[in-house]
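The structure appears right after this line, and notes come after that.
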2 protein chains.
Amino acid sequence: MNEEKLRFYKSLGLKLTPQRLAILEYLENNRSHPSAEDIYNALKPRFPSMSFATVYNTMEVLVKKGLVKELSVESTRKRFDPFTHPHHHFFCKSCKKVIDVGTIKNNIKIPEELKDCELSEYQIIFFGLCPECKSKSKQ
Amino acid sequence: MNEEKLRFYKSLGLKLTPQRLAILEYLENNRSHPSAEDIYNALKPRFPSMSFATVYNTMEVLVKKGLVKELSVESTRKRFDPFTHPHHHFFCKSCKKVIDVGTIKNNIKIPEELKDCELSEYQIIFFGLCPECKSKSKQ
DNA sequence: TTTTCTATCTTAACGTATTAAATTTATGAG
DNA sequence: CTCATAAATTTAATACGTTAAGATAGAAAA
């Protein structure tokens, strides 16, 4: 990771521990949608003493800083999205894979019902079977 | 609950036990978005022996039959929606309340990325603070 | 009514997320 | 560079939501 990146993370008020740097590195240019366990497993080899608490703590900080988004595609566990540009998602009900979907052309109008709410964002989630699971289910 | 409703539920192949009838009755004309616990608490007074397993089992059946939808607004617990007409949702990050939003005028085009997927539905979820939590946060 | 079959209940286990306390570490001031 | 401090990590325990298995009860069918 280069100097500029390091300065950037520091400028956010983040203490740069080896574990955090490893998590940041893992997330950089990562277009998957890892669960806490995915992150934990990925870093375990390099940091055998690493705990889930560290993963959750770090991810909470990163979400607050806007460096990562939290997905609500599953109702049993958190999924994180390191790609923060506006986009949407598909969720495969069978294999739990998430597929990125570009922004939807027709821009959504803010519904009348929400005129007194403070809106921060919206997500569109498509549900179904990914190509692999689709063909498996037809056998 | 009237005869017609009973016949309808039976026609779906549902065995009509008192607990199920109570859950169905609770859901009828219910425009909230209960969690399993909400349902459990609502029925506990009438059915002190009722267990969570029964709630989950029944809801699973109802979701399969299409009488209830499962929402993915929270990543730590399930929320159910007994109102199955097409519509979308707002989720308050603070009090976890869900607000219904009518269908969005511009119909969403199926994204190119998903052309090989088998799509079953999509959800649009707005996130932010509901009017109450918004005013509280400004004090 | 008797039999069969399914739903329910209880209990326990599971996966995931969160918390508290004690220890260790990064950082900035001196 | 050393030290003091605040912050992060570790460990362990705990909370929460969900699911599974076996025993029981109850509804439907004959």
Side-chain angles (χ1 to χ4, degrees), chain A residues 1 3 5-26 33-44 46-65 67-68 70-80 93 96, chain B residues 1 6-7 9-26 33-65 67-68 70-80 93 96:
Chain A
M1 206 173 311
E3 290 273 330
K5 275 274 150 71
L6 290 176
R7 270 198 299 277
F8 171 66
Y9 291 134
K10 264 199 169 175
S11 76
L12 293 169
L14 295 185
K15 209 164 161 180
L16 293 181
T17 63
Q19 295 88 333
R20 280 202 171 160
L21 285 174
I23 292 180
L24 286 166
E25 211 167 303
Y26 170 77
H33 307 80
S35 65
E37 196 187 2
D38 292 333
I39 300 169
Y40 177 80
N41 287 337
L43 302 190
K44 191 74 184 172
R46 276 174 63 198
F47 297 91
S49 75
M50 174 102 128
S51 71
F52 268 97
T54 296
V55 175
Y56 283 112
N57 287 341
T58 300
M59 295 313 288
E60 192 188 335
V61 171
L62 297 183
V63 168
K64 254 182 209 147
K65 297 290 182 186
L67 298 179
V68 170
E70 207 180 298
L71 298 182
S72 52
V73 290
E74 287 188 81
S75 56
T76 49
R77 61 174 179 172
K78 293 183 172 181
R79 298 283 291 261
F80 299 99
K93 288 176 175 182
K96 318 296 182 199
Chain B
M1 204 171 311
L6 289 177
R7 269 198 300 277
Y9 291 134
K10 265 198 167 173
S11 77
L12 292 169
L14 295 185
K15 208 166 168 180
L16 295 180
T17 64
Q19 294 89 336
R20 280 201 173 166
L21 284 174
I23 292 179
L24 285 166
E25 212 166 303
Y26 171 78
H33 307 80
S35 64
E37 196 187 2
D38 293 331
I39 300 169
Y40 177 80
N41 288 337
L43 302 190
K44 192 76 184 168
R46 278 174 63 199
F47 297 90
S49 75
M50 174 101 129
S51 73
F52 268 97
T54 297
V55 175
Y56 283 111
N57 288 341
T58 301
M59 296 313 288
E60 192 189 335
V61 171
L62 296 183
V63 168
K64 254 182 210 149
K65 295 291 180 183
L67 298 179
V68 170
E70 210 179 297
L71 299 182
S72 15
V73 289
E74 290 189 79
S75 56
T76 49
R77 61 173 179 172
K78 293 183 174 180
R79 298 284 291 260
F80 299 99
K93 288 177 175 181
K96 319 295 183 199

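It should be emphasised that the depicted structure is a prediction, and the values quoted were computed from it without experimental measurement. Quick note on labels: first sequence line is chain A, next is B, and so on, each numbered from 1.
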Rounded off to whole Å, could you give me the CD-to-C1' distance for the A/Glu60 and C/dT16 pair?
-> 15 Å
The salt bridge (Lys or Arg N to Asp or Glu O under 4.0 Å) partners of B/Arg79 (sequence neighbours excluded) come to B/Glu74
Rounded distance (nearest 0.5 Å) linking atom CG of B/Leu62 with atom OH of B/Tyr9 | 8.0 Å
Qualifying salt bridge (charged side-chain N to carboxylate O under 4.0 Å, His left out) pairs, either residue in residues 52-61 of chain B, two or more places apart | B/Glu60-B/Lys64
Of all of residues 43-53 of chain B, which get a heavy atom below 4.0 angstrom from DNA chain C, listed by number?
-> B/Ser49, B/Met50, B/Ser51, B/Ala53
Using a cut-off of strictly less than 4.0 Å, decide whether B/Gln19 has a side-chain nitrogen or oxygen near OP1 or OP2 of D/dG26.
-> no
Sequence-distant partners of A/Thr54, side-chain contact (heavy atoms from CB on, under 4.5 Å), two or more places apart = A/Gln19, A/Met50, A/Ser51, A/Thr58
Take the protein atom CG of B/Leu24 and the nucleotide atom C1' of C/dA7, then report the distance between them rounded to whole Å.
-> 14 Å
What integer distance in Å separates A/Met59:CE from C/dT18:P?
-> 13 Å
Within this structure, what is the OH-to-P distance between A/Tyr40 and C/dT16, rounded to whole angstrom?
-> 13 Å
In whole angstrom, what separates A/Glu74's CD from D/dC16's C1'?
-> 17 Å
Taking only residues two or more places apart in sequence or in another chain, which ones pass side-chain hydrogen bond (donor to acceptor under 3.5 Å, both in side chains) with A/Lys93?
-> B/Ser120
For A/Glu37, all residues meeting salt bridge (Lys or Arg N to Asp or Glu O under 4.0 Å), sequence neighbours excluded | none
Within the structure, does a side-chain N or O atom of B/Lys78 lie under 4.0 Å from either OP1 or OP2 of C/dT16?
-> no
Considering residues at least two apart in sequence or located in another chain, which fulfil the side-chain hydrogen bond (donor to acceptor under 3.5 Å, both in side chains) criterion with A/Tyr40?
-> A/Lys44
Take B/Thr76 and B/Arg20, find for each the nucleotide of DNA chain C with the closest heavy atom, and name the residue whose nucleotide sits nearer the 5' end.
-> B/Arg20
Side-chain contact test, heavy atoms from C-beta onward, threshold under 4.5 Å: evaluate it for B/Tyr26 versus B/Asp38 and give yes or no.
-> yes
Over how many whole Å does the gap from A/Asn57 atom CG to D/dT11 atom P extend?
-> 14 Å
Spacing of A/Lys96 atom NZ relative to C/dT16 atom C1', expressed in whole Å = 14 Å
The side-chain hydrogen bond (donor to acceptor under 3.5 Å, both in side chains) partners of B/Ser75 (sequence neighbours excluded) come to none
Taking protein heavy atoms under 4.0 Å as touching, what does nucleotides 22-30 of chain C look like 5' to 3' if B marks base contact, S marks sugar-phosphate-only contact and - marks none?
-> ---BBS---
Atom pair distance, as rounded to whole Å: CD1 in B/Ile23 and C1' in C/dA7 = 11 Å
